[in-house]
Amino acid sequence: MPEKPVIAEPAEASEGLPKTFDPALFEARWYETWERDGRFQPVGPPGSPRFVMVIPPPNVTGRLHIGHAYGRTIEDILARWMRMRGYRVLWVPGTDHAGIATQMVVERELQKEGTDRRALGRERFIERVWEWRRASGDTILGQLRKLGCSLDWSRLRFTLDPALSRAVRHAFVQLYRDGLIYRGRYVVNWCPGCGTAVSDLEVIEKTTAGSLYKILYDVPGVPEGAVVATTRPETMLGDTALAIHPEDPRNAHLRGKRAILPIAGRELPVVEDAILVDRDFGTGIVKVTPAHDANDYAVAQRHDLPAVVVIGPDGKMTAAAGEYAGLDRFEARKRIVERLEKEDRLVAVEPHEIALGTCQRSDDVIEPYLSEQWFVKVKPLAEPAIAAVRAGAVRFVPESWAKTYFSWMENIRDWCISRQLWWGHRIPAFTCENGHVLVEEEDPVACGQCGSARLVQDPDVLDTWFSSQLWPFSVMGWPERTADLADFYPTDVLVTGYDILFFWVARMIMAGLRFTGEPPFSTVHLHGLVRVGGEKMSKTRGNVIDPLEAIEEFGADAVRFTLASAASSGPTVSVERGRMAGSRNFATKIWSAARFTLAQLEGKDTPPSPRGLSLRLPDRWILSRLDAASAEIQRHLEGFRFDEAAAEIYGFLWHELCDGYLEMAKPVLSGPDPDAARATRSVLRKCLADSLALLHPFMPFVTEELWEKLTGKPGTLVATPYPESSGEWRDLPAEASVEALRAIVTRVRTFRTERGAPPTSPVALAIDPRSPPRAVVGDLEILSPILRHLGRLSSLAFETPSSGVFRDVVAGIQLGLALPEGSVPDPEGRTAKALAEVDAEIAQLSAKLQNPDYLSKAPAPVVEKTRMRLRELETKRAALGSQ
RNA sequence: GGGAGGUUAGCUCAGCGGUAGAGCGCCUGCUUUACACGCAGGUGGUCGCAGGUUCGAUCCCUGCACCUCCCACCA
């Protein structure tokens with residue numbers, strides 16, 4: 001392969017931009033400038049229009065992943081856009097203490113040191129976590145800065161800050177006093193790996209291939225005994241009854257009998273329970289294990305049965321399991337099955353698909369486990385929260401999420417909020433030596449009932465989400481009546497992934513209404529989850545996109561623009577590496593356009609606004625397009641369609657401003673008419689300035705950098721008014737004429753390609769002045785110099801094309817085209833192909849226009865459009881057919 | 001068992017009642033007074049399948065197929 005000749009680049013003059021740019025050279029600098037200048041803090045008098053968001057607080061242990069980058073980019077686009085529109089914008093940053101996740105990180109460290117938290121003790125362990133947090137937490141905050149997020153760092157919050165801890169305690173005490181928090185012994189989801197209870201939402205069901213074991217229980221007086229099916233034989237040692245359906249004739253003979261529990265030899269009553277037992281399933285006989293199954297526990301309550309805990313909090317069999325004590329639950333299962341087989345009690349083992357509950361955090365198999373826990377009674381909180389969404393006080397974008405929200409909220413179950421962890425908000429409940437329970441805002445010194453000073457605080461901490469649900473107002477200082485709370489609450493928009501709709505969004509709405517009387521935000525934008533090229537991101541697939549690496553490689557602007565472009569309304573958001581490069585190319589394109597523009601403006605008189613100048617058609621066209629683009633961008637941003645907004649500005653900037661206007665401007669800028677050149681410079685300047693402003697929320701860094709070059713006002717684009725459509729520049733006649741010109745230029749170029757002529761070969765063009773869009777023809781005469789230039793025409797005549805030339809119709813304009821000589825007429829038979837297409841469409845349209853139903857029922861403008869199209873096609877047919 | 005969403009160009013996705021779009025890829029030309037991270041031209045789609053509504057359907061309705069994802073205590 002021959003190497004490209006290396007052309008020495010002329011030494012760059014002292015002024016002028018380099019050809020390409022390095023985002024690393026200015027991204028950090030601009031961020032610091034904005035922050036130093038207080039751009040991220042709300043400015044303006046309280047009461048003036050404001051726009052408030054709180055960040056979904058990432059885990060302190062977290063590192064920025066593509067999902068964060070996506071959500072925060074959307075938020076930052078909103079924040080910057082609203083700021084430029086003159087709102088007092090507040091976007092509150094912060095992190096979440098993330099109970100289990102953080103505790104696990106530090107526990108792993110301890111493990112490496114050969115110790116554990118129990119050896120350390122509670123106090124020293126907690127101190128250790130704080131140390132860890134000081135040393136390595138909050139890295140994600142620096143990463144958000146890299147992304148360009150315009151967060152108000154003066155209001156940085158952490159869910160374990162003293163003020164936020166007070167909010168948590170206040171909320172707990174209030175709910176307790178209102179009877180909405182209670183303590184009790186129930187079967188909860190227990191994660192043996194984490195050593196704590198978790199809520200229903202933290203259990204991930206995975207369908208797994210398992211087995212259904214059919215076990216024979218002896219029943220004195222019933223020779224055939226009772227065959228019981230179970231997927232978890234190890235729990236049988238905790239059986240305290242068998243249950244049958246009261247109306248099941250198959251098992252009527254078992255009524256009132258007592259069965260013998262195999263292995264253990266204990267007697268079990270046979271109870272009748274219509275709720276638990278499904279007559280149509282299996283043998284209709286169910287083993288009842290109250291300590292290890294929530295349904296069985298309910299049966300035990302109804303029939304006053306004891307509960308025997310055979311699996312302990314560590315996942316190992318307890319002393320109650322007799323000879324199996326100390327064995328891991330799965331090992332115990334194996335041994336018990338072996339034993340049953342040996343004793344000939346295993347009637348059958350059938351393959352059975354089971355829904356295995358696993359821990360969201362540790363992936364361990366969840367055990368239903370009977371224990372003392374704290375719960376929130378959620379129904380009374382849910383009702384007003386449902387009503388608020390129904391009434392439109394909270395709106396979901398996209399709307400369809402409301403349905404999911406309702407169905408969950410309407411069937412909501414109590415929330416287990418106690419966690420057997422050390423890292424988190426400790427439950428503010430104390431028990432005195434006489435068993436009195438005290439729940440108060442301040443640590444009590446003596447029991448209010450018996451006066452005892454020997455008080456023990458509940459060892460558990462609260463579910464992390466208990467504090468998260470208060471976030472939109474706890475960050476504002478609630479329950480204190482702070483100025484921020486008065487001024488900035490409720491917030492406006494919440495942006496987050498739909499995956500935490502139940503965990504967080506729903507609970508915030510409930511808590512906000514309960515504690516502040518208002519919903520915490522008026523709009524919830526639930527975005528999709530990021531996938532890479534349609535596939536879930538995973539390390540094994542090797543398709544993980546690390547946003548920090550991407551920022552290194554392409555720049556933060558490119559990463560942001562890519563994410564914004566990918567933002568569809570659907571549940572998945574597909575991001576590809578190729579898109580990142582494309583966005584980087586786009587940034588370079590702007591850079592290059594600015595470089596050209598700046599070179600043109602340099603040292604020349606250029607009015608900042610084209611208003612009052614005498615503008616030519618291309619000027620009017622691009623200003624009209626700019627106005628239209630501004631309107632579209634605004635419409636899409638208002639509708640949370642960041643992809644469409646991004647596409648709009650991309651298309652305008654690249655294909656209209658650069659491909660279109662810049663090329664038309666070149667001959668004018670160097671042409672003989674100084675007034676025209678001056679007007680062109682002014683339009684160029686306005687287009688560049690407005691483009692930079694329009695693009696700023698998406699690509700804040702490169703636009704700010706270029707803004708400084710253009711205006712000499714460093715760091716001010718962030719606070720420049722966002723361009724909005726005024727309609728002032730809208731000019732449809734100019735659009736029609738310039739678009740006709742562009743179409744004709746394209747036709748001339750295609751003509752060359754068709755004829756196999758080199759791109760530079762001169763074409764003689766005739767434009768039929770009798771073509772129907774008369775105004776356009778007139779404009780084209782005015783545009784002649786540009787048309788000649790762009791089309792590289794040897795001649796341009798406004799006359800009926802002579803019979804010898806190739807004829808066609810473009811945008812209604814009848815053209816005659818001719819190459820010098822010796823060119824191939826039409827090597828690929830394109831004319832014939834085009835003719836066939838025209839004929840087909842003519843046939844279709846005439847059929848339509850002969851259909852009386854169409855004529856009478858279709859709207860008149862549509863019919864008129866069809867007529868016009870048909871007329872144009874007929875002209876085109878005549879032109880093409882004359883070859 | 002309920003519920004939601006999807007199926008459009010080779011890939012990733014927009015569009016959603018009046019003649020099919022983008023980016024990337026692919027093909028052909030190009031050092032054309034910013035940009036090869038570029039310019040110009042082009043290739044490429046019975047818009048999952050079958051019915052229905054309509055003057056007209058990729059778009060609305062019904063059914064089917066396949067794919068995601070949520071929710072649900074069936075041993």
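Letters A, B, ... mirror the listed sequences (proteins, then strands); counts begin at 1.
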*Rounded interatomic separation in angstrom, taking CD from A:E656 and C1' from B:C39*: 18 Å
_Suppose you measure atom P in B:A22 against the same atom in B:A34; what distance do you get, rounded to whole Å?_
27 Å
*asked:* I'd like to know whether A:V575 forms a side-chain contact (heavy atoms from CB on, under 4.5 Å) with A:I545, so could you lay out the CA-CA distance, the side-chain angles of the two residues, the decisive distance to 0.1 Å, and finally the verdict.
replied: CA-CA 9 Å; A:V575 175; A:I545 296 182; 4.0 Å; yes
_Options B:C55, B:C37, B:U12, nucleotide nearest the side-chain atoms of A:P859_ = B:C55
*asked:* Checking base pairs now: Watson-Crick or wobble, both atom distances under 3.5 Å. What partners B:G17?
replied: none
_Let's test your reading of the model: under 3.5 Å, does the base of B:C35 pair with the side chain of A:R595 as donor and acceptor?_
no
*Should B:U58 form a Watson-Crick or G-U wobble pair with both distances under 3.5 Å, which nucleotide is its partner?*
none
*May I have the distance from A:I275 (atom CD1) to B:A72 (atom P), rounded to whole angstrom?*
20 Å
_Only pairs with both distances under 3.5 Å count, Watson-Crick or wobble alike; so what is the partner of B:C64 in this structure?_
B:G48
_Can a donor-acceptor pair be found, under 3.5 Å and without considering hydrogens, that links the side chain of A:S199 to the backbone of A:C416?_
no
*Rounded interatomic separation in angstrom, taking CG from A:L268 and P from B:A75*: 21 Å
_Under 4.0 Å, heavy atoms only, any strand: does A:L662 hit a base, just the sugar-phosphate, or nothing?_
base
*Is a donor-acceptor contact shorter than 3.5 angstrom present between the side chain of A:K666 and the base of B:A34?*
yes
*Check the distance between B:C74's P and A:R232's CZ and give it to me in whole angstrom.*
14 Å
*Measure distances between side-chain N and O atoms of A:K19 and base N and O atoms of B:C35, and say whether any donor-acceptor pair falls under 3.5 Å.*
no
*Are a donor atom and an acceptor atom from the side chains of A:Y297 and A:T289 found within less than 3.5 Å of each other?*
no
*Neighbours of RNA chain B within residues 289-301 of chain A, by heavy-atom distance under 4.0 Å*: A:N295
*Does CD belonging to A:E350 count more than 12 external heavy atoms closer than 6.0 Å?*
yes
*A:L529 near the nucleic acid: base, sugar-phosphate alone, or nothing, with a heavy-atom cut-off under 4.0 Å?*
nothing
*Which nucleotides of nucleotides 22-30 of chain B have their base under 4.0 Å from a protein heavy atom (B), which only their sugar-phosphate (S), and which neither (-), written as one string 5' to 3'?*
BS-----S-
*B:C60 versus B:G6 - spacing of their P atoms, nearest Å*: 9 Å
*asked:* What's the gap between B:C37 and B:U43 when it is taken at their P atoms, as a whole Å value?
replied: 26 Å
*B:G15 phosphate, OP1 or OP2: any side-chain N/O from A:R641 under 4.0 angstrom?*
yes
*Sticking with atom C1', work out how far B:A14 lies from B:U8, rounded to a whole angstrom.*
10 Å
*asked:* Rounding to an integer number of Å, can you tell me how far A:Y405 OH sits from B:A4 P?
replied: 19 Å
*After noting the C-alpha distance and the side-chain angles of A:E644 and A:R635, does the key distance pass the salt bridge (Lys or Arg N to Asp or Glu O under 4.0 Å) rule?*
CA-CA 9 Å; A:E644 298 282 359; A:R635 187 170 70 84; over 6 Å; no
_Whole-Å P distance, B:C27 and B:U19_ = 33 Å
*Looking across every strand, which nucleic acid part, if any, lies under 4.0 Å from A:F502 by heavy atom: base, sugar-phosphate, or nothing?*
sugar-phosphate
*asked:* Counting the atoms with a prime plus P, OP1 and OP2 as sugar-phosphate, which does A:N851 contact under 4.0 Å by heavy atoms, base, sugar-phosphate, or nothing?
replied: sugar-phosphate
*Return the nucleotide paired to B:A34: Watson-Crick means purine N1 to pyrimidine N3 with N6-O4 or O6-N4, wobble means G-U with N1-O2 and O6-N3, both under 3.5 Å.*
none
_Selection from B:A34, B:C73, B:G5 that lies nearest to any side-chain heavy atom of A:P571_ = B:G5
*asked:* Which nucleotide wins on minimum distance to the side chain of A:D853, given the candidates B:G41, B:C55, B:C71?
replied: B:C55
*Indicate whether any N or O donor in one side chain lies under 3.5 Å from an N or O acceptor in the other, for A:D239 and A:Y217.*
yes
_Atom C1', compared across B:G21 and B:C39: separation rounded to whole Å_ = 22 Å
*A:Y650 vs A:F586 aromatic rings, parallel, tilted or perpendicular, using cut-offs 30° and 60°?*
tilted
*Nearest-angstrom distance from the residue atom CZ of A:F596 to P of B:U33*: 11 Å
*A:S574 side chain N/O closer than 4.0 Å to the phosphate oxygens (OP1, OP2) of B:C13?*
yes
_Nearest-angstrom distance from the residue atom CG of A:L501 to C1' of B:C71_ = 12 Å
*Hey, does A:K403 reach any base, or is it just sugar-phosphate, or nothing, if we go heavy atoms under 4.0 Å?*
sugar-phosphate
*asked:* What is the separation between atom CD on A:E399 and atom P on B:G3, rounded to the nearest whole Å?
replied: 20 Å
*Among A:K833, A:K876, A:R877, salt bridge (Lys or Arg N to Asp or Glu O under 4.0 Å) partner for A:D839*: A:R877
*Would a distance-only check, ignoring hydrogens and angles, find a side-chain to backbone donor-acceptor pair under 3.5 Å from A:R560 to A:F698?*
yes
*asked:* Give me the distance, rounded to whole Å, that separates B:C11 from B:C74 when you measure between the P atoms they each carry.
replied: 39 Å
*C1' atom, B:U7 versus B:G45: distance in rounded Å?*
14 Å
*asked:* Would the distance check show the side chain of A:T230 and the main-chain N or O of A:R232 forming a donor-acceptor pair, the cut-off being under 3.5 Å?
replied: yes
*Among the nucleotides B:G41, B:A34, B:C74, which one has an atom lying closest to any side-chain atom of A:T746?*
B:G41
*Report yes if at least one side-chain N or O of A:R413 is closer than 4.0 Å to OP1 or OP2 of B:C71; otherwise report no.*
no
*For B:C39, does OP1 or OP2 lie under 4.0 Å from any side-chain N or O of A:K589?*
yes
*Polar contact flag, side-chain donor to acceptor under 3.5 angstrom, A:D643-A:S565*: no
*Which residue lies more 5' along RNA chain B, comparing A:R749 with A:Y498 via nearest heavy atoms*: A:R749
*For A:E205 and A:V228, take the nucleotide of RNA chain B holding the closest heavy atom to each; which residue's nucleotide lies nearer the 5' end?*
A:E205
_Side chain of A:V286 (C-beta onward), nearest among B:A75, B:C71, B:C69_ = B:A75
*Between the side chain of A:R685 and the main-chain N/O of A:R681, is any donor-acceptor distance below 3.5 Å?*
no
*Looking at the side chain of A:T750, which of B:G41, B:C37, B:A14 is the nearest nucleotide?*
B:G41
*Would you check if the distance from the ring center of A:Y70 to the ring center of A:H527 is below 6.0 Å?*
yes
*Is any side-chain N or O of A:S568 closer than 4.0 Å to OP1 or OP2 of B:A14?*
yes
_side-chain hydrogen bond (donor to acceptor under 3.5 Å, both in side chains) between A:H245 and A:N251, intermediate numbers included_ = CA-CA 8 Å; A:H245 192 98; A:N251 293 316; over 6 Å; no
